[in-house]
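The structure appears below as structure tokens.
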Number of protein chains: 2
Amino acid sequence: MATENSLSIGALAKATGTTVETIRWYERVGVLPAPARTSGNYRAYGAAHLERLSFVRRARDLGFTLDQVRELLQLADDRERSCEAVDKVAREHLEEVVRKIADLEALRHELQDLIGQCRHGTVAECRIVQALSPRGGSSRS
Amino acid sequence: MATENSLSIGALAKATGTTVETIRWYERVGVLPAPARTSGNYRAYGAAHLERLSFVRRARDLGFTLDQVRELLQLADDRERSCEAVDKVAREHLEEVVRKIADLEALRHELQDLIGQCRHGTVAECRIVQALSPRGGSSRS
DNA sequence: CTTGACCCTGTAGCGACTAGAGGGTCCATA
DNA sequence: TATGGACCCTCTAGTCGCTACAGGGTCAAG
């Protein structure tokens, strides 16, 4: 560690449950500001970086895209503004999640139907294969 | 259209609800065999291609990966074998879908909690921002 | 002085496409 | 016969969010 009170990239990774590569990547795409460097060209992070990276990780764990994270970070930086916009981002993300759940539920039903119809004979009689084929039925190509 | 009874790539796309680009891509990655060509170097598809592409699309719509699709196609081609393996692929995929639904449900709850706590004040007081921040509380950086 | 853990940059790969550049082909109409 | 426009061709690069190298440099302990 370079000067007093700074974190190496590895230490920051451990502290936030991230990998070193991911941190470098966040810097490249601008979600985490480039830190100071030591004499040996090592990155030296401070408390602000730790805080910011934790924010990013929490948001990513909640399924926000990096674009949304960038937006949230910008909004969160202006502490006096109303949090309406923050609320909006979160609500839109929630809607997206709800949509995805519905899509997957529909998928689940279709798959269960398919699997339930399988009589464990030959492929030629297999309902799963038939359901995947053009006319859902006796395909003799 | 080159000879009698063959489809251009555009016609095949329309018939299967695919795009031309996707079809060419399927050929490149080996899920759809390369068709004959006309004198002008246009792809000329037959009934077998239409059938195979429909199979691929149905399977993709059901959320199977292209690797799984390749596997299913191979299995489906051997009409006399038992359909056990087909069943297995489908069951594994179903399990994956069920896992994803559970993950998204957990996410949905977290997001709903978060949003429900927002009191629409300033960002400084915003529960959403706080929840994303390191110690979930009053961060004065 | 060497070993090994750590760090650096830069590039390529994943899955499943999508988009675009820069051209060629085909057919109907003027 | 010329021309316009719809279609087709190949090749390349971009998407998202990392992950995984390759080929080096730095640093502290023994």
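Heavy-atom basis, side chains included; hydrogens, waters and symmetry copies ignored. Quick note on labels: first sequence line is chain A, next is B, and so on, each numbered from 1.
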Hey, does the side chain of A:Glu110 reach the backbone of B:Leu62 with a donor-acceptor pair shorter than 3.5 angstrom? no
Test your reading of the model: is there a side-chain donor-acceptor pair from B:Thr22 to the backbone of B:Thr18, 3.5 Å cut-off? no
Between [atom2] on [N] and [atom1] on [X], what's the gap in Å once rounded to a whole number?
X: A:Phe64; N: D:dC18; atom1: CZ; atom2: C1'; answer: 19 Å
X: A:Ile23; N: C:dC8; atom1: CD1; atom2: C1'; answer: 14 Å
X: A:Lys14; N: C:dA5; atom1: NZ; atom2: C1'; answer: 11 Å
X: B:Glu21; N: D:dG14; atom1: CD; atom2: P; answer: 18 Å
X: A:Glu27; N: C:dC8; atom1: CD; atom2: C1'; answer: 11 Å
X: B:Leu53; N: C:dC17; atom1: CG; atom2: P; answer: 11 Å
X: A:Leu12; N: C:dC6; atom1: CG; atom2: P; answer: 15 Å

Note down the inter-axis angle between the two ends of the helix from C:dC1-D:dG30 to C:dA30-D:dT1, five pairs each, to the nearest 10°. 30°
What pair of heavy atoms forms the shortest contact from B:Thr19 to B:Ala13, and how long is it? C-CB, 4.0 Å
State whether [X] and [Y] are salt-bridged, where the test is any N-O pair (Lys NZ or Arg NE/NH1/NH2 against Asp/Glu carboxylate O) under 4.0 Å.
X: A:Arg91; Y: A:Asp87; value: yes
X: A:Asp77; Y: A:Arg52; value: yes
X: A:Glu92; Y: A:Lys88; value: yes

Determine: side-chain N/O of A:Tyr26 to OP1/OP2 of D:dG17, distance under 4.0 Å, yes or no. no
Would you say A:Ser8 places a side-chain N or O within less than 4.0 Å of OP1 or OP2 belonging to C:dC7? yes
Nucleotide of [options] approaching [X] most closely (side-chain heavy atoms):
X: A:Thr19; options: D:dG17, D:dT19, C:dT18; value: D:dT19
X: A:Tyr42; options: D:dC18, C:dC7, C:dT18; value: C:dC7
X: A:Arg60; options: C:dA19, C:dC17, D:dG17; value: D:dG17

Touch check for A:Arg70, heavy atoms < 4.0 angstrom, all strands: base, sugar-phosphate only, or nothing? nothing
Using the 3.5 Å cut-off, write out each protein N or O paired with an N or O of nucleotides 9-11 of chain C and the distance between them.
{"unit_1": "C:dT9", "atom_1": "OP1", "unit_2": "A:Arg37", "atom_2": "NH1", "d": "3.3"}
{"unit_1": "C:dT9", "atom_1": "OP1", "unit_2": "A:Arg37", "atom_2": "NH2", "d": "3.0"}
{"unit_1": "C:dT9", "atom_1": "OP2", "unit_2": "A:Arg43", "atom_2": "NH1", "d": "3.0"}
{"unit_1": "C:dT9", "atom_1": "OP2", "unit_2": "A:Arg43", "atom_2": "NH2", "d": "2.7"}

If hydrophobic clusters are built by linking Ile, Leu, Val, Met, Phe, Trp and Tyr wherever their side-chain heavy atoms come under 4.5 Å apart, do B:Val31 and A:Ile128 end up in the same one? yes
From CZ (A:Phe64) to CZ (A:Arg70), nearest 0.5 Å: 14.5 Å
Return the set of residues passing side-chain contact (heavy atoms from CB on, under 4.5 Å) with B:Glu27 (not counting sequence neighbours), or none when no residue passes. B:Ala34, B:Pro35, B:Arg37, B:Arg43, B:Tyr45
